[in-house]
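For ligands, and for the atoms within them, numbers begin at 1 and follow the listed sequence.
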Amino acid sequence: MKINKTDKIYIAGHRGMVGSSIHRLLNQREYCNLLVKTRNELDLRNQEAVSHFISSEKPKAVIIAAAKVGGILANDQYPYQFLRDNLIIQDNLINSAFENGVEKLIFLGSSCIYPKFAKQPMSENSLLTGELEPTNQWYAIAKIAGVKQCEAIKKQFGCDYISLMPTNLYGPGDNFDLETSHVLPAMIRKFHDAKENNHAPVMLWGSGSPKREFLYVDDVADAVEFVLTRKLSSNLYNVGSGVDLSIKELAEKIQELIGHKGQIIWDADKPDGTPRKLMDVSKLKAEGWEYSVKLEDGVEQTYEWFRSNLEQIREVKFD
Ligand SMILES: NC(=O)c1ccc[n+]([C@@H]2O[C@H](COP(=O)([O-])OP(=O)(O)OC[C@H]3O[C@@H](n4cnc5c(N)ncnc54)[C@H](OP(=O)(O)O)[C@@H]3O)[C@@H](O)[C@H]2O)c1
């Protein structure tokens with residue numbers, strides 16, 4: 001199913017980092033029938049409200065960028081919220097879309113759906129071939145259920161419901177709260193604060209040796225638009241750069257960019273997580289999509305955004 005610029009498209013989670021980037025990009029590319037709702041207007045955990053909303057608006061496409069998202073510590077501390085909120089949000093949206101004849105649906109998950117020791121780079125075929133990383137298994141299990149829900153609907157009813165699994169993302173609108181954020185925005189915050197504090201030492205989690213891949217969020221928005229406007233052959237695609245680096249190398253890049261001159265202390269008592277995570281991005285590449293923003297450029301743009309939005313940057317707390 002190919003979506004046109006005049007078709008009604010609902011973006012769930014349009015105020016989050018990924019959703020706002022998708023919203024911005026589709027607006028810029030002159031999609032003129034975008035539908036959005038804030039959490040206050042529509043709590044996606046409310047089945048009746050979501051069903052009523054989708055049946056009365058009848059969008060042609062739904063993009064699911066709404067989820068309960070957080071880093072290792074938040075996942076570890078709030079397993080039940082990460083499992084249940086995500087299961088409920090995605091089921092409400094996917095099932096309401098299906099029951100109301102939504103023709104195209106894009107479900108965003110994450111690379112944590114793949115096993116902890118999956119062969120690197122991780123291909124879509126490694127799904128359910130081994131044990132998950134324990135710290136974020138709750139989130140991963142919910143996301144795997146969403147992938148399978150879309151796959152079952154496609155298999156049984158032929159609907160064009162596609163799952164995209166982005167690698168670690170960063171960019172404007174990220175969460176910079178040190179308790180709940182991901183590694184890259186946490187580093188930006190720590191190095192920035194330490195620089196302001198006379199180049200105080202910066203304490204970073206783990207050993208610094210795990211290798212990770214990062215993608216600028218606008219590249220994901222570009223991939224979403226690519227998928228929206230094409231009929232692809234499969235139901236599950238990785239979205240990444242296909243390039244990784246160690247956490248230590250990342251820290252040094254960010255430290256240099258920010259101009260912090262102090263010491264870095266590695267706190268080996270904190271968990272490292274999966275030793276290496278790199279996406280095999282050949283499947284979406286074969287369909288014709290590739291990333292474009294280099295890590296150095298993306299980090300620079302993110303830091304610019306962080307500095308110009310210091311008064312209103314997001315600090316996500318969980319309850
Ligand atoms: N960030 C990453 O590194 C990354 C990597 C790979 C994949 N992804 C995927 O991308 C998707 C979006 O992630 P993100 O980083 O953009 O997260 P985010 O910034 O936390 O945004 C999540 C969005 O979901 C909304 N939301 C959450 N619970 C809701 C509820 N009950 N009712 C209504 N809205 C609700 C939030 O609304 P509020 O604004 O009101 O809080 C927010 O707009 C997720 O599926 C995630 O798995 C993210």
Proximity to ligand 1 by part of Val69, non-hydrogen separation under 4.0 Å: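 The part of Val69 near ligand 1 is the side chain, not the backbone.
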
What part of Leu42 sits under 4.0 Å from ligand 1 if we count only heavy atoms: the side chain, the backbone, both or neither?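 Leu42 to ligand 1: backbone contact only, side chain stays beyond 4.0 Å.
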
Please state whether [X] comes within less than 4.0 angstrom of ligand 1, counting heavy atoms only.
| X | value |
| --- | --- |
| Thr167 | yes |
| Tyr139 | yes |
| Val220 | no |

Can you find a side-chain donor-acceptor pair between [X] and [Y] that sits under 3.5 Å?
| X | Y | value |
| --- | --- | --- |
| Asp222 | Trp289 | yes |
| Thr135 | Asp76 | no |
| Asp91 | Gln149 | yes |

Hey, which atoms in ligand 1 end up nearer than 4.0 Å to a heavy atom of [X]?
| X | result |
| --- | --- |
| His182 | 1 (N), 2 (C), 3 (O) |
| Lys143 | 44 (C), 45 (O), 47 (O) |
| Gly16 | 16 (O), 18 (P), 19 (O), 21 (O), 42 (C), 43 (O) |
| Arg45 | 31 (N) |
| Ile89 | 28 (N), 29 (C), 31 (N) |

Check whether any side-chain heavy atom of Asp280 lies under 4.5 Å from a side-chain heavy atom of Met122, and answer yes or no.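 Result no, sub-4.5 Å side-chain heavy-atom pair not found.
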
Is Glu225 paired with Arg29 through a side-chain N to carboxylate O contact shorter than 4.0 Å?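 So Arg29 pairs with Glu225 through a salt bridge.
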
Closest candidate by heavy atom, reference atom 28 (N) of ligand 1, pool Arg39, Met165, Lys68, Met17: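 That would be Arg39.
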
Could you work out, for atom 9 (C) of ligand 1, the closest of Pro166, Ala67, Pro185, Gly109 by heavy-atom distance?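 Comparing heavy atoms across Pro166, Ala67, Pro185, Gly109, the nearest one to atom 9 (C) of ligand 1 lies in Gly109.
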
Heavy-atom pair of closest approach, residues Val18 and Val217: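 Minimum heavy-atom contact is CA-CG2, 3.7 Å.
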
Apply ring pair (Phe, Tyr, Trp, His ring centres under 6.0 Å) to residues Phe98 and Tyr161 and explain how you reach the verdict. CA-CA 9 Å; Phe98 169 63; Tyr161 287 17; 7.1 Å; no

Compute both the distance and the angle, then confirm whether Lys283 meets the cation-pi test with Tyr237: under 6.0 Å from the six-membered ring centre, within 45 degrees of the axis.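 Because its charged atom sits under 6.0 Å from the ring centre and within 45° of the axis, Lys283 does stack over Tyr237.
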
